[in-house]
Amino acid sequence: MARPILIIEDDPDIAEVLRYCLEAQSFETRVALTGREGLSASLDKDRPPLLILLDLLLPEMNGLEICRQRAQGSGHGAHSHHHGDGESF
């Protein structure tokens, strides 16, 4: 089974457009609509994501906190890039 691209995005319309575009290119996807759901999916040992598309402004837990939690909990470094008006980290 292919590893999915995890889309962590609280706006269902944006999540659906991303999912549709990726699946049209034969990528498997998984969508999480909250920060906590996204963190849980990102740490899934049985189905780890190949790539994570992460919104920074999420309910329950923001994108930066997800990166911090992943770096602490998984033993893997978290890498993120924000494009646009804001900081890159």
Side-chain angles (χ1 to χ4, degrees):
M1 179 184 327
R3 292 170 53 194
I5 294 176
L6 175 58
I7 301 164
I8 307 175
E9 169 59 62
D10 63 319
D11 183 319
D13 294 330
I14 294 172
E16 178 61 19
V17 167
L18 291 169
R19 185 200 63 76
Y20 177 83
C21 291
L22 290 166
E23 289 182 359
Q25 297 299 314
S26 301
F27 289 102
E28 183 178 338
T29 63
R30 183 173 179 182
V31 174
L33 298 174
T34 69
R36 292 201 188 284
E37 181 185 350
L39 177 62
S40 177
S42 76
L43 296 173
D44 186 340
K45 302 268 190 244
D46 295 326
R47 202 170 156 220
L50 174 67
L51 176 74
I52 300 171
L53 299 178
L54 176 61
D55 185 4
L56 293 179
L57 301 174
L58 295 162
E60 299 178 5
M61 177 184 294
N62 68 42
L64 292 175
E65 185 60 28
I66 291 172
C67 290
R68 286 185 197 104
Q69 294 273 340
R70 282 187 46 80
Q72 292 172 357
S74 69
H76 294 63
H79 301 282
S80 181
H81 176 75
H82 173 71
H83 180 71
D85 297 336
E87 64 183 84
S88 293
F89 46 93

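Residues: numbered from 1 along the sequence shown.
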Mind checking the [atom1]-[atom2] spacing from [X] to [Y]? Nearest 0.5 Å is all I need.
X	Y	atom1	atom2	value
Glu23	Leu18	CD	CG	11.0 Å
Glu16	Ile7	CD	CD1	8.5 Å
Tyr20	Leu22	OH	CG	12.0 Å
Arg3	Asp44	CZ	CG	11.0 Å
Met61	Arg36	CE	CZ	4.0 Å
Glu60	Thr34	CD	OG1	4.0 Å

Query raised in the report: Would Arg19 and Glu28 pass as an ion pair if we require N to O under 4.0 Å?
Result: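 Salt bridge flag = no for Glu28 with Arg19.
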
Requested in this report: Please step through side-chain contact (heavy atoms from CB on, under 4.5 Å) for the pair Leu54 and Ser42, ending with a clear verdict.
Outcome: CA-CA 10 Å; Leu54 176 61; Ser42 76; over 6 Å; no

Is there a side-chain contact between [X] and [Y] in this structure, where contact means two heavy atoms from C-beta onward sitting under 4.5 Å apart?
X	Y	result
Ile8	Ile52	yes
Ile66	Leu58	yes
Glu65	Asn62	yes
Arg70	Leu43	yes
Pro4	Arg47	yes
Leu51	Leu53	yes

Query raised in the report: For Leu33 and Pro12, which heavy atoms make the closest approach, and how far apart are they?
Result: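 For Leu33 versus Pro12, the nearest heavy atoms are CD2-CA, 4.4 Å.
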
Query raised in the report: For the hydrophobic clusters of this structure (ILVMFWY residues joined by side-chain heavy atoms under 4.5 Å, transitively), does one cluster hold both Ile5 and Ile14?
Result: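 Yes: a chain of side-chain contacts under 4.5 Å links Ile5 to Ile14.
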
Query raised in the report: So, the side chain of Glu9 versus the backbone of Asp11: is there a donor-acceptor pair under 3.5 Å, distance only?
Result: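 Yes.
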
